[in-house]
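Only this structure's heavy atoms are used, side chains among them; waters, hydrogens and symmetry mates stay out.
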Amino acid sequence: MNWFDLSGRVALVTGARSGLGRALARVLAEAGADIVGLGSTAMPDTAAEVAATGRRFTEVVLDLAAASDLDSVVGQVEADVGALDILVNNAGVIRRAPVLEFQEADWDAVMTVNLKSLFFLSQAVARRMVARRTQGRIINIASVLSFQGGIRVPSYTASKHGVVGLTRLLANELAPHGITVNAIAPGYMETDNTADLRADPTRNRQILDRIPVGRWGRPEDLATAILFLASPASSYVTGSVVAVDGGWLAR
């Protein structure tokens with residue numbers, strides 16, 4: 001029995017151009033899903049990796065920081081590729097500055113992409129799943145900063161706390177319709193968002209010393225978590241947050 005078989009399903013992955021989103025799109029495609037990749041710029045590398053699995057890739061270039069009417073966006077996606085079965089809310093941005101210097105524009109930019117777009121994409125996709133009376137999967141990418149304060153990232157921390165809260169609220173309301181909503185909380189991963197931290201010898205060492213596994217996470221480390229939460233076999237798991245953090249939160 002193949003517990004992770006996603007053949008015949010369609011997954012929308014936001015922030016699919018690089019990093020975690022690109023890896024998640026590839027993993028879902030390897031399990032048999034066709035992929036709709038949403039990103040602020042073209043995604044040729046993601047498209048090539050999905051195509052190499054034999055699955056279909058559809059590109060949606062959209063800047064979530066400036067997007068409006070996400071319901072219409074989802075409607076157009078389904079008109080083009082068919083019904084969505086899986087939504088992965090991965091898109092995220094981060095702004096760093098001390099609390100006393102943090103700017104309102106940076107607050108708004110982060111909250112719009114990380115939290116507002118997540119809710120309204122989830123709403124739009126769930127509306128259609130409910131109307132079709134089909135089961136579905138919504139998977140949100142949270143963070144270890146969903147449970148901690150961090151430093152110099154006030155809007156990111158607030159948004160990721162919000163992601164976990166919305167995951168639980170959506171799980172409560174959508175469970176009667178056969179839609180599960182869960183989250184993955186990655187630890188410190190090798191992505192564009194952490195490039196500055198990894199380049200700083202002091203911060204890099206501080207972070208590595210705190211991770212029991214002793215290394216930065218890699219995007220492919222999320223593979224089994226995303227497959228578990230996306231699979232038909234996980235229908236009794238909802239409102240959960242799966243930490244993939246090398247033991248960071250246990251420290």
Side-chain angles (χ1 to χ4, degrees), residues 2-17 20-39 43 46-47 49-62 64 67-91 116-141 166-167 169-184 223 225-240:
N2 186 351
W3 292 99
F4 294 158
D5 184 15
L6 300 178
S7 298
R9 289 169 171 77
V10 181
L12 169 59
V13 181
T14 70
R17 180 185 62 82
L20 300 184
R22 176 177 161 188
L24 296 174
R26 181 181 66 249
V27 167
L28 293 170
E30 289 170 344
D34 290 327
I35 305 299
V36 179
L38 187 152
M43 296 158 271
T46 309
E49 290 181 1
V50 171
T53 71
R55 308 313 307 168
R56 178 179 55 172
F57 181 79
T58 302
E59 181 178 86
V60 177
V61 176
L62 180 70
L64 290 174
S68 60
D69 194 7
L70 291 176
D71 187 76
S72 293
V73 172
V74 171
Q76 187 59 56
V77 166
E78 291 207 340
D80 292 341
V81 305
L84 294 171
D85 304 287
I86 301 162
L87 169 63
V88 181
N89 285 304
N90 165 74
K116 182 180 178 180
S117 71
L118 177 149
F119 174 75
F120 285 104
L121 277 173
S122 298
Q123 180 191 68
V125 171
R127 279 174 173 164
R128 290 163 172 80
M129 291 175 174
V130 170
R132 291 192 299 269
R133 298 184 179 182
T134 58
Q135 293 189 351
R137 301 285 181 266
I138 297 175
I139 303 162
N140 301 321
I141 303 303
L166 281 180
T167 296
L169 176 139
L170 291 167
N172 290 336
E173 293 202 33
L174 296 177
H177 302 286
I179 302 167
T180 66
V181 187
N182 295 286
I184 298 172
I226 194 75
L227 290 175
F228 166 61
L229 296 175
S231 74
S234 63
S235 61
Y236 202 61
V237 179
T238 197
S240 294

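- Residues R137 and L229 come closest through the heavy atom pair CD-O, 3.2 Å.
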> Could you go step by step and tell me if I226 and V88 meet the side chain to side chain contact (heavy atoms under 4.5 Å, CB included) rule?
Replying inline: CA-CA 9 Å; I226 194 75; V88 181; 4.0 Å; yes

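- In this structure a side-chain-to-backbone donor-acceptor pair under 3.5 Å is missing from N90 to I141.
- Checked by atom type and distance alone, the side chain of R56 pairs as donor or acceptor with a backbone atom of V81 at under 3.5 Å.
- Every residue two or more places apart in sequence or in another chain that forms a side-chain contact (heavy atoms from CB on, under 4.5 Å) with A223 is listed here: V27.
- No side-chain donor-acceptor contact under 3.5 Å links T180 to the backbone of S235.
- Residues L174 and I138 have side chains in contact (heavy-atom distance under 4.5 Å, counting atoms from C-beta outward).
- Proximity of L170 to I179: side-chain heavy atoms (C-beta onward) are nowhere separated by under 4.5 Å.
- Inter-residue side-chain proximity for L70 and L62 is flagged as met; some heavy-atom pair is nearer than 4.5 Å.
- Of the possible donor and acceptor atoms, one in the side chain of T46 sits under 3.5 Å from a partner among the backbone N and O of R17.
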> When you look at D80 and T58, which way does the side-chain hydrogen bond (donor to acceptor under 3.5 Å, both in side chains) test go after all the steps?
Replying inline: CA-CA 9 Å; D80 292 341; T58 302; over 6 Å; no

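- When every heavy atom of R127 is checked against every heavy atom of D71, the shortest pair comes out as NH1-OD1, 3.5 Å.
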> For V181 and S122, what are the C-alpha separation, side-chain angles and deciding distance, and is it a side chain to side chain contact (heavy atoms under 4.5 Å, CB included)?
Replying inline: CA-CA 9 Å; V181 187; S122 298; over 6 Å; no

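- Panel note: side chain N182, backbone I139; no donor-acceptor pair is recorded below 3.5 Å.
- Every side-chain contact (heavy atoms from CB on, under 4.5 Å) that A47 has, sequence neighbours left out, goes to F57.
- Formation of a donor-acceptor pair under 3.5 Å by the E78 side chain with backbone atoms of L84 is found in this model.
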